[in-house]
Amino acid sequence: MTHHIPYSKAWLVLLMLLCFAFAKAQLESSQWYFGEGAGIDFRTGQAIATDRGVMRTGEGCATISDATGNLLFYTDGSTVYNGNHEIMENGEGLQGDSSSTSSAVAVPLPESDDLYYIFTVDTDDLVYRNAQGLQYSIVDMRLNDGDGAVLADSKNTPVLGRTSEKLTAVENNSGTGFWIITQFEDQFYSYELLATGLNPQPVVSQVPPFIELLDYFITNVDVAAMRGYIKVNNTGTKIAAAHFSNNNLSDFDGVRSVLEARSRAFAQGGELYLYDFDNSTGVVSNPIALMTKEDRGSFYGVEFSPDGKYLYAEIDYLEPAQFFIYEFLGGEIAQFDLTATDVASSKQTIYQDRNELFRGALQLGLDGNIYHARIDQNAISVLNNPNDDGVPPTYRFNAIPLTPGRTSVYGLPIFVQSFFETFSIEVNDACLSDPVNYVLEANTDNFEVEWTFGDPGLGTANESVNQTGSINYNRSGTYQITAVITTPFQQITQRRNVTIFPQVTIEDIALEQTICDRGAGLTFFDLSQIPGSISTTPDQLVTLYPTEQNATNQINAIDTSLPYPGNMPQQYIYVRVENANCNVILPYELTVERCPIQVFNVLTPNGDGSNESLAIDNLRLIYEQFQLQIFNRYGRLVWEGNQESEDWDGTANVAGTNGDLLPAGTYFYTLVVDDPSVEKLTGYIYLTY
C-alpha cells in the first residue's frame, strides 16, 4: 500500500517574486541616463541626480538595471555603456541613432538571468528613407566578469526594414514573454520575445492614421512625420501614439524653397491617437483620434498614469515662419480621461508655458510621477500626482536639478512598460497536496478581483474574490490562474500558469526502529534496510540525515552501510524522499530499550571451560548496581554478590562457609537491579560437576 504525505515540502525553484523569474521587475527602471551626461537614480524612492553618465544623446536612450537596482548598461541606440560607465565590449556600431525618438529599448530574455535584447530603430535627419529600420543585438552579462558584452553574431540582426522612430515594449498576457512594438505609416508591428528567442513574424495591425513618408526632393522634410513616442500602459491594454506632424505630399505642391518646405513639414500639426492593445495576441485595434492635424498641435511625449486612468501628452503649438523653420507659440501638458464616454472631449490642460522648445519626452518613474525632458535644461520637470486620485496633478518646471554641467535634451530612457505595472500576480508552483499560495500585489486598494484557478473539478473552490489565499489542486498538471481586476476606470485581466508536480510516495510502514541496550558503547542501529522499506517507487531517492535542518539543506547525510550508534533512549533521524521536483522530510524514531536480563540456569564448575560460572546476559554492562542472592533448597542463603563481585562459581561466601564448594543440586536465586521499573527476578539453577 502506498500513500501521499499531506505534510510534504516541495523541492522547487519559485518563479516571479514567488514564481516567475522575469515576469515582474523590481528596480530594473531605477537608474536613468540621458541627454548630455545626465542621470537620475530612483533607488532611494526619490529622484536623485547623478553625475557618472558618459552618454551624449539628443533624443533616444535606454537604461536597464537588475532587479535590485544595480546598473547593467545604457545606450543611445548606437553605443552601449556598461555598469562601470565604459563602452561595453563590442558595444559600438549598433544601428540605432541618438537622434531617433526611441532609439533603443532593453528587454530581458525570458527565463534568463543574463541575456538582454537591445532593440533599435534608426533615423536619418536628412533623408529618413535611408534609415536602417528595426534591429536587435544581444548582451550577455556573464562576459567580462559581469560587465557584459554584445554578442558579435547577434549584432544588428535585421527585424523590420522600414519603421518610424517609435518603439515600446510590454509583457505579454501569460507572463512568458514580451511584445516589442513599432509603427510605420498606418501599421503597427508587434514582435513577441519568448524564452526561445524573438519570433520574426510580427502581428501586423492596420489602423489609422496614415502617416506618409514623403518622397520629396528637399531633405529634412520627411523626418518630422516620423518623430514622436508610442507608449503602452503598464498592464498592456492601451497604446498611445504621438505623431509630431502629418504631412501629405500635396502640401508641398509648388514649394521650392528649402525654408518654406521645412517650415510646413514641422509646423502644420500632427496626430494623437489612442488604441486598444491585446497583449495576448499583439493586435492593435479601436483607433480613437484624441487630437488631429486640425488642432494644430505637434505631439511628441506621451505617458499613461500608473493606474491607467489617464493619458498625458506633451503638445507643441507651432506655425510656419518666414525667416525661421517655425515660430513657437507655446506648449502644454494635456490630460485625457480614459474612463470618459468621449475620451477626446475629456481633455484638460494641466500646464502650459511659452518657454522656448517645450518638446520633450514624458516618462513614468518608480515614484509614480511623470518626468518631462526639455532641451538644454540643467533640470527635469515633473508632473506630480498623475493618478489624479483626490489630489489634482501639478506640473513643476525644472523641479529636479541635474548635476552641474549635465543637461537634458529631448529624450528620456524608455523601458519595458510592465516594469511599472500596478497589479502583479504572485503564485508558486507546488507539489500535489501542497497548497498553492496566491496574492495580487497592488499599489492601490481601489479595486476588486475575481480569481479562477483553472480546474472546474474544484467546484466552488475554483473561484475566489480575495486578494490573497491558497488553493489545493487534486491532480498534478499545469493550470492557468486568471485574475480579473476591476478598478473604477478599467478592467484588467492577468493570467499566470502554475504547475502541480506529482508528489513522492512512501510505503505504509511504521517509521520507527527499536533495539536493546548492550551497554558500554556497544549499542548500534542497522539503518541499511530503511531506504528500501520506505520507497519502492522508481526514480525516487531516499536519504537519511541526523537533523531536519541537514535534510532540508541536504548536508551530512548518514552512511547507512555503517552501524549507527544508539547513544540515548530516544532520538530521531530524518528521512528525505525526493523525486525530480518534490520531496518530503519525515521524522524516523530510534528507540533504545534496556535488554531483558537473561539468567542461564546451568552451572558446571568442573574445569572444562564451559559454564564455569553463572552467566547472566545484559546485567553488568547495563545496570550500575544490582544484588544477586543464591539459596539452597532449604531456603538458606549461601552466596550473594553485586557489581563488585565475581560471578558465582558454585562456592559459598556467606559467614562461616566462605570458599566452600557447594554440593550438586538445585539452587534458587533472586536478582534486584537499580531500576524500579524492572521487577525482582527469581528462578532456579542446576549446579552439577
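Residue Q417 comes nearest to N234 through the heavy atom pair O-CB, 3.2 Å, listed as atom of the first residue, atom of the second, then distance. The nearest pair of heavy atoms linking F42 to A47 is CE2-CB, 3.7 Å. Shortest non-hydrogen contact noted between Q31 and T63 is O-CG2, 2.9 Å.
Looking at Q540 and T505, their side chains come closer than 4.5 Å, going by heavy atoms from C-beta outward. At least one side-chain heavy atom of D147 sits less than 4.5 Å from a side-chain heavy atom of N84. With a 4.5 Å cut-off on side-chain heavy atoms, D517 and P569 do not count as touching. With a 4.5 Å cut-off on side-chain heavy atoms, N497 and Q480 count as touching.
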Check the pair D113 / M141 against side-chain contact (heavy atoms from CB on, under 4.5 Å), numbers first and verdict last. CA-CA 8 Å; D113 295 328; M141 292 304 303; over 6 Å; no
I'd like to know whether I534 forms a side-chain contact (heavy atoms from CB on, under 4.5 Å) with V577, so could you lay out the CA-CA distance, the side-chain angles of the two residues, the decisive distance to 0.1 Å, and finally the verdict. CA-CA 9 Å; I534 287 181; V577 187; 3.9 Å; yes
Please test S528 against D526 for side-chain hydrogen bond (donor to acceptor under 3.5 Å, both in side chains), starting from the C-alpha separation and ending with a verdict. CA-CA 6 Å; S528 62; D526 180 3; 2.7 Å; yes
For ring pair (Phe, Tyr, Trp, His ring centres under 6.0 Å), just list the numbers for W639 and Y667, CA-CA rounded to whole Å, side-chain angles, deciding distance to a tenth of an Å, and then say yes or no. CA-CA 10 Å; W639 187 93; Y667 292 80; over 10 Å; no
I would like to know whether I597 and D617 meet side-chain contact (heavy atoms from CB on, under 4.5 Å); could you show each step before the answer? CA-CA 6 Å; I597 298 171; D617 282 355; over 6 Å; no
Before giving the answer on side-chain contact (heavy atoms from CB on, under 4.5 Å), spell out for V592 and F525 the whole-Å C-alpha distance, their side-chain angles and the decisive distance to 0.1 Å. CA-CA 9 Å; V592 178; F525 290 92; 3.7 Å; yes
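In the model, T604 has no side-chain atom that pairs as donor or acceptor with a side-chain atom of N606 under 3.5 Å. Donor-acceptor pairing under 3.5 Å is lacking for the side chains of T591 and E512. Between the side chains of S112 and D114, no donor-acceptor pair of N or O atoms lies under 3.5 Å.
Each of R495, R496, Q494 was scored for a side-chain hydrogen bond (donor to acceptor under 3.5 Å, both in side chains) with N173, with one residue passing: R495. Across N279, T176, N199, N172, a single residue satisfies side-chain hydrogen bond (donor to acceptor under 3.5 Å, both in side chains) together with E192, and that is N172.
Not counting sequence neighbours, the partners of L541 by the side chain to side chain contact (heavy atoms under 4.5 Å, CB included) test are T543, E578. Residues forming a salt bridge (Lys or Arg N to Asp or Glu O under 4.0 Å) with R636 (at least two apart in sequence, or on another chain): none. Under the rule for a ring-ring contact (aromatic ring centres under 6.0 Å, His included), F631 has no partner lying at least two apart in sequence or in another chain. Every ring-ring contact (aromatic ring centres under 6.0 Å, His included) that Y684 has, sequence neighbours left out, goes to Y686. Qualifying salt bridge (Lys or Arg N to Asp or Glu O under 4.0 Å) partners for R52, counting only residues two or more places apart in sequence or in other chains: none. Not counting sequence neighbours, the partners of R475 by the salt bridge (Lys or Arg N to Asp or Glu O under 4.0 Å) test are D455. The salt bridge (Lys or Arg N to Asp or Glu O under 4.0 Å) check on D367 picks up nothing, with sequence neighbours excluded.
Interatomic distance, L628 CG to D647 CG, rounded to the nearest 0.5 Å: 9.0 Å. Atoms CZ and OG, from F600 and S613 in turn, are 12.0 Å apart once rounded to the nearest 0.5 Å. Atom OG of S645 sits about 9.5 Å away from atom CD of Q627, to the nearest 0.5 Å. Expressed to the nearest 0.5 Å, how far CD1 of I685 lies from CH2 of W648 amounts to 5.0 Å. Distance check: N556 CG to T547 OG1 gives 7.5 Å after rounding to the nearest 0.5 Å. Put simply, CD1 on I573 and CG on L590 are 4.5 Å apart, with the number rounded to the nearest 0.5 Å.
Within the structure, the ring pair (Phe, Tyr, Trp, His ring centres under 6.0 Å) test picks out no pair touching residues 572-594 (sequence neighbours left out). Residue pairs that meet the salt bridge (Lys or Arg N to Asp or Glu O under 4.0 Å) test with at least one member in residues 553-567, sequence neighbours left out, do not exist here. Residue pairs meeting the disulfide (SG to SG under 2.5 Å) criterion with at least one partner in residues 591-623, sequence neighbours excluded, are C516-C595. Here ring pair (Phe, Tyr, Trp, His ring centres under 6.0 Å) pairs that include residues 529-552, with residues two or more places apart or in two chains, number zero.
Taking the six-membered ring where the residue is Trp, the centroids of Y117 and F178 are separated by 6.0 Å or more.
Without hydrogens or angle criteria, N82 side chain to M88 main chain gives no donor-acceptor distance under 3.5 Å. A donor-acceptor pair is defined here as one N or O able to donate and one able to accept, closer than 3.5 Å; no such pair exists between the side chain of D539 and the backbone of N579. Between the side chain of Q643 and the backbone N or O of F626, no donor-acceptor pair lies under 3.5 Å. Remark: the backbone N or O of F453 is paired with a side-chain donor or acceptor of N462 at under 3.5 angstrom. Side chain of D41 to main chain of I48: no donor-acceptor pair is present (N/O by atom type, distance under 3.5 Å, no hydrogens or angles). Between the side chain of N428 and the backbone N or O of N437 there is at least one donor-acceptor pair closer than 3.5 Å. E426 contributes no side-chain N or O that, together with a main-chain N or O of E441, makes up a donor-acceptor pair within less than 3.5 Å. Between the E463 side chain and the T460 main chain, no donor and acceptor come within less than 3.5 Å of each other. Proximity of a side-chain donor or acceptor of E28 to a complementary backbone N or O of I64 within less than 3.5 Å is not detected. The main-chain N or O of L72 is never found under 3.5 Å from a side-chain atom of D66 such that the two would form a donor-acceptor pair.
Around atom CG of D608, more than 12 heavy atoms belonging to other residues, nucleotides or ligands sit under 6.0 Å away. The number of heavy atoms from other shown groups lying within 6.0 Å of CD (E589) is above 12. Summarising the local packing, CD of Q46 is surrounded by 12 or fewer heavy atoms from other residues, nucleotides or ligands at distances under 6.0 Å. Within a 6.0 Å radius of CD in Q570, more than 12 heavy atoms belonging to other residues, nucleotides or ligands are found.
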For residues 669-678, which side-chain donor-acceptor pairs fall under 3.5 Å, sequence neighbours excluded?
from: D674; atom 1: OD2; to: Q625; atom 2: N; distance (Å): 3.2
from: D675; atom 1: OD1; to: S677; atom 2: N; distance (Å): 2.9
from: D675; atom 1: OD1; to: S677; atom 2: OG; distance (Å): 2.6
from: D675; atom 1: OD2; to: R594; atom 2: NH1; distance (Å): 2.8
from: D675; atom 1: OD2; to: S677; atom 2: OG; distance (Å): 3.2

